[in-house]
Amino acid sequence: MIQVTLPDNSTREYPIGSTALDVANSISAGLARNVIAAEINGTVWDATRPIKEDVNIKLLTFNDDSGKLAFWHSSAHLMAEAIEATFPGVKLAIGPPIETGFYYDIDLEGKTIAESDLANLEKKMIELARQKNPYIRKEISKDDAIAYFTEKNDPYKLELIDGLTDGDITFYSQGNFTDLCAGPHIPDTGKIKAVKLLSIAGAYWRGDENNQQLTRIYGVSFPKAKELKEHLERLEEAKKRDHRKLGKEMELFTFSQKVGQGLPLWLPKGTILRERLERFMRDAQLKAGYDPVVTPHIASKELYVTSGHYEKYGEDSFQPIKTPNVNEEFFLKPMNCPHHCEIYKSKPRSYKELPIRYAEFGTVYRYEQSGELHGLTRVRGFTQDDAHLFCRPDQVQQEFEKVIDLVIYTFKALGFEEFTAQISLRDPEDKSKYIGSDENWDKAEAAIIDSAAKKGLNTVVEYGEAAFYGPKLDFMVKDAIGRKWQLGTIQVDYNLPERFELEYVGSDNLKHRPVMIHRAPFGSLERFIAILIEHTGGRFPLWLNPDQVIILPIGEKFHDYADKVLNLLKNDDIRAEVDYRAEKIGKKIFDAEKSKVPYILLVGEKEVLAETVSVRKPGKIDLGSMDLTDFVAKVNDEINEATVSFTN
RNA sequence: GCCGACGUAGCUCAGGGGUAGAGCGUUUCCUUGGUAAGGAAGAGGUCGUGAGUUCAAAUCUCAUCGUUGGCUCCA
């Protein structure tokens, strides 16, 4: 007998060779139906794999993250089976589960699969799933594994096997399909009730662009049809919120082929939104002791030779701007920091001056690969809410914490309630990728980890994700429909001060090197606005919305009164417009609702006589009649409340 | 940059070797209407661009530019 310990620390006894499924069955039939895998002493196993010793066990269902992974992994195998059945002779590469489903990379050898083939593959998958074929695990020797895939003529699997150690290799089979796979898998295909194949894309073998390009099919699957339906509805919702679609509809920004790829043009309404965000950040930064500076859009090549960016990015970026003078070259600025270093150097500094915080909404230009450009989230010209803090080594930690406060203040004010922080450190395997001394890196990494801990941030540590000049802390926010986005970033930099030979005179009357902190709570305004659009679905908070109030006169007779209301609002810096069209009130309301204006005012006979306005919010919310002055006060209050000042 | 898909009116999209279509928007006129679409008439496109095949190309072929789904990249 073996002793099995459940998560609640209760123990049960089973015959040697019992499986997690047996354990589930002994608890309840309902549980057994839902169990798809199990965590055995911390590793995820097949629910059908015999257990031969005393273990801690946690039964996993689709509701557990690792249960989902097993489910989707098994779905990838099922898709591969359907593909082999439909397109005989294709070569399979890899087919893992991902956060939102699964994919399989396939070498079609010249054949093509079109989006229109996906429905048939789905049908085939469901047909195979209904056979309730068990996923069977088999340990296999390396030689036998090689023999199998040599026979099958699959070079990808052979390459994978080449990297595995004998005795450590397993195959999984279901129905007529066998794959090299470490598992774990769900008990049988019957658990997969609903499948949707979402898209076809290209992918390189092992992610290397020098390798063979494969066809990747993405899909998602669920144990219940209803869950698939809900998932597809969420995807639909995301599509509705797509900032490229809303940005066009709401006339926030546009692109022009003549201006160039990845170079957004801000329309009047988008500019209001953008400038309001800038003002918000400017105000907070003034309170936090930042000094605004302004630097030009181009700089001499020498600046970037000094900063090291030329060496690293010179060839991959916009090419230099030449002047009539021989050998004189300028670059569009890809960064603001070198300029700020030169401002720091404009005069000798004393330790008493530090920290110095230079802030600039600096527009920078980077040559992103054409395939990477995407709406406003990935562009070639964008504006950072950038700042560089120059401080003494003993101030790093404190400054870092203050920046964290500012970032959190920003997120809260903009309605991002949920966020986590990622600490990006060096890749311990390959330190050659980074510039700067080991000692400095260690100091910087420690400062970040300590500040994050002190501020109680929910953090994850990622090795190998640091910038080449220093470690960083990135904030990830969760939006209204649960998607994660990377936003603000804070980076410690011991390298640029070195390269620019920045100095200050210490209390000991000796020269010392300051430490730099780069930080941008929004990151780029373009990207931030894109995320904000998708987060709010275009329904921005009142203080940000380009139009705050729309006034709808019921007839032409009331245009004068509408103008009076308009002027009153404008005098209080409330952004308002009047719909003067000769349309019926129903039509004006319809259009106002569509335009997402936070307040809709109706003015007619009644309102003129009583000096009131009829207030309506989008979504058929009738707030009734309000005194004109009361309404102005209400809007002002609402704006002030939403933009509480930053306090140190 | 690579692989696939797409590019027709301001927007959303249909069509498809033989004189270019719809809805919304826009313009003009009528209507001055009280909480989600009033009526009529009109304007608007060398079908992304360039070449080729053809008696004839928006339609087929190639190239190119752009958009897009991924991959690689991201100071």
Side-chain angles (χ1 to χ4, degrees), chain A residues 103 105 108 112-116 198-218 242 244-245 248-249 251 254-262 304 307-314 316-317 333-338 364-375 377-380 384 386 435 465-470 472 486 489 491 493 495-496 518 520 524 527 552-559 580-594 600-607 614-625:
Chain A
Y103 66 81
D105 283 350
L108 292 166
T112 50
I113 289 187
E115 304 262 347
S116 53
L198 296 162
S199 63
I200 301 174
Y204 300 105
W205 169 237
R206 302 205 136 166
D208 184 337
E209 61 182 315
N210 298 314
N211 285 343
Q212 172 74 27
Q213 177 120 20
L214 306 168
T215 300
R216 175 172 298 181
I217 302 182
Y218 283 91
D242 191 319
R244 293 167 299 182
K245 176 174 132 72
K248 193 183 267 180
E249 271 172 27
E251 298 187 1
T254 190
F255 289 89
S256 146
Q257 207 175 123
K258 270 218 176 87
V259 172
Q261 275 189 294
Y304 302 112
S307 72
H309 292 107
Y310 179 76
E311 192 193 355
K312 192 157 172 91
Y313 292 100
D316 302 327
S317 196
K333 78 170 160 184
M335 303 282 301
N336 301 302
C337 29
V364 297
Y365 300 90
R366 298 177 184 177
Y367 186 81
E368 304 291 355
Q369 294 188 57
S370 64
E372 263 318 308
L373 300 172
H374 180 93
T377 59
R378 196 74 190 272
V379 287
R380 285 180 174 166
Q384 297 176 307
D386 210 1
I435 58 178
E465 290 292 310
F468 78 88
Y469 55 76
K472 58 182 181 175
Q486 193 207 303
T489 168
Q491 315 184 346
D493 185 351
N495 298 304
L496 275 188
H518 310 242
S524 108
R527 184 177 149 82
L552 312 182
I554 283 171
E556 204 174 344
K557 284 186 297 222
F558 314 112
H559 283 186
Y580 295 109
R581 294 175 307 164
E583 293 290 349
K584 291 177 80 168
I585 193 65
K587 170 68 170 165
K588 289 186 185 179
I589 290 169
F590 176 77
D591 288 341
E593 289 269 351
K594 266 200 316 187
I600 300 166
L601 301 185
L602 271 67
V603 296
E605 179 102 44
K606 275 189 302 188
E607 288 74 18
S614 269
V615 187
R616 180 183 161 123
K617 290 189 76 106
K620 294 189 188 178
I621 303 163
D622 192 350
L623 300 183
S625 179

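By convention in this document, chain letters (A, B, ...) are assigned in the order of the sequence lines, proteins followed by strands, and residues within each chain are numbered from 1.
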Visitor: Side chain of E583(A) only, please: which of G69(B), G1(B), G38(B) is the nearest?
Guide: G38(B)

Visitor: Could you tell me the separation between the NZ atom of K248(A) and the C1' atom of C24(B), rounded to a whole number of Å?
Guide: 15 Å

Visitor: Is any side-chain N or O of R380(A) under 3.5 Å from a base N or O of C74(B), one able to act as donor and the other as acceptor?
Guide: no

Visitor: Out of U68(B), C71(B), A36(B), which has the shortest distance to the side chain of A203(A)?
Guide: C71(B)

Visitor: Using modelled atom types and a 3.5 Å cut-off, is there a donor and acceptor pairing between side-chain atoms of R366(A) and backbone atoms of P334(A)?
Guide: yes

Visitor: Taking only the side-chain heavy atoms of K587(A) (C-beta and beyond), determine which of G1(B), G38(B), G34(B) contains the nearest atom.
Guide: G38(B)

Visitor: R527(A) has an atom CZ; how far is it from atom C1' of C74(B), in whole Å?
Guide: 11 Å

Visitor: With rounding to whole Å, what would you report as the distance between U68(B) and A51(B) at their C1' atoms?
Guide: 26 Å

Visitor: Between atom CG in L373(A) and atom P in C73(B), what is the gap in whole Å?
Guide: 16 Å

Visitor: Rounded to whole angstroms, how far apart are NE2 on H309(A) and P on C74(B)?
Guide: 13 Å

Visitor: Could you state the atom-to-atom distance from NZ of K245(A) to C1' of G10(B) in whole Å?
Guide: 16 Å

Visitor: What integer number of Å spans the P atoms of G69(B) and U31(B)?
Guide: 50 Å

Visitor: Mark yes or no: R380(A) above the aromatic ring of Y365(A), with NZ or CZ under 6.0 Å from the six-membered ring centre and no more than 45 degrees from the axis.
Guide: no

